[in-house]
Colleague: 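Dumping the structure here so I can ask a few things about it.
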Amino acid sequence: MLNIGDTIYLDIEGHSEEEKQRFKCRLVDRVKDFLFIDYPINDRTKKVGFFHDGTEFNASFIGKDQAVYLFKTQLLARKKGQIPMLIINDPGKDKYLRIQRRQHVRVEASLDVAVHPKDHEFPPFVSMTADISGGGLALVLPKNHNLPVGKEIKCWLSLQMSTGEMKYIQVNCHVIRIISTKDSPREKASIQFIDINENDRQTIIRYCFERQLYLRKKGIPE
């Protein structure tokens, strides 16, 4: 489930939401219940993190099924080798908490989107998402739009991660259908990502995961 080379995210145990810092590292080796990771890099400042032995973390990684898995761990020791490594404990698969139960969890989110045609079929416009997942999004459409169903478009997304860092993603998309409902004066478009860079997809999945946690913390139905 957790393989050599996988990316692991570490959140420092006990920090408030505002003070929370996230670090990114890679699994270099594992021996029994010990995980050997390279030195974690702060996801926002891009600087190497330094920690005391015994520091507790909430760790997470994305499995091959695109689900996010969480587990608690602790810094046990350091090891010198071709690259310096930290040793943290692995509580075992039965202690992993699986967050996503579908391939791509869809979460409600209002994100800025710039929409451009692929072949000049309509004027570019700026709008918002209604929801988003690792596979696509629902786009709130302006009045009198000319968005063509079945055509390819380009979308520029801006995502604010829980660390405060902004991520900008450009992705080719396919317009699946236009949705009209009595409850909303604005039509929406169902948009599917195509040819998306895997790193960009992982960023979106990570955003959805963080958004899920935020909504649960606020008691807002997902």
Colleague: Got Leu35 and Thr73 here, is their nearest side-chain heavy-atom distance under 4.5 Å?
Modeller: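 Answer no - side chains too far apart.
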Colleague: Is there a side-chain contact between Phe57 and Gln74, using heavy atoms and a 4.5 Å cut-off?
Modeller: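 Contact flag for Phe57/Gln74 side chains = no.
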Colleague: Taking Lys72's backbone N and O only, do any of them form a donor-acceptor pair with Asn58's side chain (distance below 3.5 Å, no angle check)?
Modeller: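 Not a single qualifying donor-acceptor pair exists.
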Colleague: If only atom types and distance count, is the side chain of Asn197 paired as donor or acceptor with the main-chain N or O of Asn199 below 3.5 Å?
Modeller: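 It does hold such a pair.
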Colleague: Going through the checks in order, is the side chain to side chain contact (heavy atoms under 4.5 Å, CB included) test met by Leu215 and Gln212?
Modeller: CA-CA 5 Å; Leu215 294 175; Gln212 268 190 308; 6.0 Å; no
Colleague: Measure the shortest side-chain to side-chain distance between Ile204 and Ile196 over non-hydrogen atoms and say whether it is less than 4.5 angstrom.
Modeller: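 Yes, close enough: below the 4.5 Å cut-off.
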Colleague: Could you tell me if the side chain of Ile83 sits less than 4.5 Å from the side chain of Met85, heavy atoms only?
Modeller: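 Yes, close enough: below the 4.5 Å cut-off.
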Colleague: Once rounded to the nearest 0.5 Å, what's the spacing between atom CZ of Arg177 and atom CD1 of Ile191?
Modeller: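 Here the interatomic distance stands at 10.5 Å.
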Colleague: How far does CD1 of Ile62 sit from OG1 of Thr7, to the nearest 0.5 angstrom?
Modeller: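 Going from the CD1 atom of Ile62 to the OG1 atom of Thr7 covers 8.5 Å.
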Colleague: Any salt bridge between Asp200 and Lys167, counting N to O under 4.0 Å?
Modeller: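 No.
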Colleague: Go through the steps for Ser162 and Arg211 under the test side chain to side chain donor-acceptor pair (under 3.5 Å), then give the verdict.
Modeller: CA-CA 8 Å; Ser162 63; Arg211 179 72 177 166; over 6 Å; no
Colleague: Is the backbone of Asn3 close enough, under 3.5 Å, to the side chain of Arg30 for a donor and an acceptor to pair up by distance?
Modeller: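 The answer is no, because no donor-acceptor pair under 3.5 Å joins these two groups.
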Colleague: Please identify which of these residues, Ile88, Leu76, Asp90, meets the side chain to side chain contact (heavy atoms under 4.5 Å, CB included) condition with Phe34.
Modeller: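 The option that passes is Leu76.
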Colleague: List the atom of Arg206, the atom of Asp11, and the distance in Å for their closest heavy-atom pair.
Modeller: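 Answer, listing the atom of Arg206 first, then Asp11: NH2-OD2, 4.3 Å.
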Colleague: Passes side chain to side chain contact (heavy atoms under 4.5 Å, CB included), Leu75 versus His52? Steps please.
Modeller: CA-CA 8 Å; Leu75 175 58; His52 299 293; over 6 Å; no
Colleague: If every non-hydrogen atom of Ile132 is compared with every non-hydrogen atom of Ala109, which pair is closest and at what distance?
Modeller: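 Heavy atoms of Ile132 and Ala109 come nearest at CG2-CB, 4.3 Å.
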Colleague: Do Ile8 and Phe36 share a hydrophobic cluster (ILVMFWY, side-chain heavy atoms under 4.5 Å, transitive)?
Modeller: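 They do not share one cluster, since no chain of ILVMFWY contacts under 4.5 Å joins Ile8 to Phe36.
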Colleague: Minimum heavy-atom separation for Leu27 and Leu2, please, with both atom names.
Modeller: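 Distance-wise, the nearest heavy atoms are CD2-CG, 3.8 Å.
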Colleague: Are Leu157 and Met166 grouped together when hydrophobic residues (ILVMFWY) are joined by side-chain heavy atoms under 4.5 angstrom apart?
Modeller: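 Leu157 does not cluster with Met166.
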Colleague: Donor-acceptor pairs under 3.5 Å, side chain of residues 136-155 to any protein atom, not counting sequence neighbours: which ones?
Modeller:
from: His145; atom 1: ND1; to: Leu147; atom 2: N; distance (Å): 3.2
from: His145; atom 1: NE2; to: Glu187; atom 2: OE1; distance (Å): 2.8
from: Glu152; atom 1: OE1; to: Lys118; atom 2: NZ; distance (Å): 3.0
from: Lys154; atom 1: NZ; to: Asn172; atom 2: OD1; distance (Å): 2.9

Colleague: So does Arg22 pair up with Glu165, basic N to acidic O under 4.0 Å?
Modeller: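 Here Arg22 does not pair with Glu165 in a salt bridge, since their nearest N and O are not under 4.0 Å apart.
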Colleague: With ring centroids as reference points, do Phe23 and Phe51 lie under 6.0 angstrom apart?
Modeller: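 When the ring centroids of Phe23 and Phe51 are compared, they turn out to be within the sub-6.0 Å range.
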Colleague: If you round to the nearest 0.5 Å, how far is CG of Asn89 from CD of Glu56?
Modeller: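 Glu56 CD to Asn89 CG: 9.5 Å, rounded to 0.5 Å.
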Colleague: Within the distance-only criterion (no hydrogens, no angle test), does the side chain of Glu210 pair as donor or acceptor with the backbone N or O of Cys208 below 3.5 angstrom?
Modeller: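 Answer holds: no.
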Colleague: For Cys25 and Leu10, what are the C-alpha separation, side-chain angles and deciding distance, and is it a side chain to side chain contact (heavy atoms under 4.5 Å, CB included)?
Modeller: CA-CA 8 Å; Cys25 59; Leu10 300 174; 4.0 Å; yes
Colleague: Could you check if a side-chain atom of Val115 sits within less than 4.5 angstrom of a side-chain atom of Val113, using non-hydrogen atoms only?
Modeller: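 Yes; the side chains approach each other to less than 4.5 Å.
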Colleague: Looking at Ile37 and Pro40, what are the two nearest heavy atoms and their distance?
Modeller: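 Of all heavy-atom pairs spanning Ile37 and Pro40, the closest is CD1-CG, 4.3 Å.
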Colleague: Taking Gly49's backbone N and O only, do any of them form a donor-acceptor pair with Asn42's side chain (distance below 3.5 Å, no angle check)?
Modeller: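 No, Asn42 side chain to Gly49 backbone: no donor-acceptor pair under 3.5 Å.
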Colleague: How close do Lys95 and Phe71 get, heavy atom to heavy atom, and via which atoms?
Modeller: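 Answer, listing the atom of Lys95 first, then Phe71: O-CB, 4.4 Å.
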Colleague: Apply side chain to side chain contact (heavy atoms under 4.5 Å, CB included) to Ile41 and Val48, showing your working.
Modeller: CA-CA 4 Å; Ile41 304 295; Val48 175; 3.5 Å; yes
Colleague: Tell me whether Tyr9 is reachable from Leu86 by hopping between hydrophobic residues (I, L, V, M, F, W, Y) whose side-chain heavy atoms are closer than 4.5 Å.
Modeller: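 No, because Leu86 and Tyr9 fall into different hydrophobic clusters, even though each may have its own neighbours under 4.5 Å.
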Colleague: Under 4.5 Å between any side-chain heavy atoms of Ile4 and Val28, yes or no?
Modeller: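 Heavy-atom side-chain distance check fails, nothing below 4.5 Å.
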Colleague: Do you know which two heavy atoms are closest between Leu70 and Ser60, and how far apart they sit?
Modeller: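 Scanning both residues completely, I find the closest heavy atoms to be CD2-CB, 3.3 Å.
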Colleague: Distance-only, no hydrogens or angles: does the Arg201 side chain make a donor-acceptor pair with backbone N or O of Gly134 under 3.5 Å?
Modeller: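 At least one qualifying donor-acceptor pair exists.
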Colleague: If a pair satisfies ring-ring contact (aromatic ring centres under 6.0 Å, His included) and one of its residues is in residues 152-171, list it, with sequence neighbours excluded.
Modeller: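 Pairs touching residues 152-171 that pass the test: His116-Trp156.
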Colleague: Indicate yes or no: at least one non-hydrogen side-chain atom of Tyr39 is less than 4.5 angstrom from one of Arg78.
Modeller: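 Yes - at least one pair of side-chain heavy atoms lies under 4.5 Å apart.
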Colleague: Check whether more than 12 heavy atoms from other residues, nucleotides or ligands sit under 6.0 Å from atom NZ of Lys46, and answer yes or no.
Modeller: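 Yes, because the 6.0 Å sphere around NZ of Lys46 holds more than 12 heavy atoms from other groups.
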Colleague: Among all residues two or more places apart in sequence or in another chain, which pass the side chain to side chain contact (heavy atoms under 4.5 Å, CB included) test with Met128?
Modeller: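 Testing Met128 for side chain to side chain contact (heavy atoms under 4.5 Å, CB included), a comparison that skips the adjacent residues, returns Ser110, Asp112.
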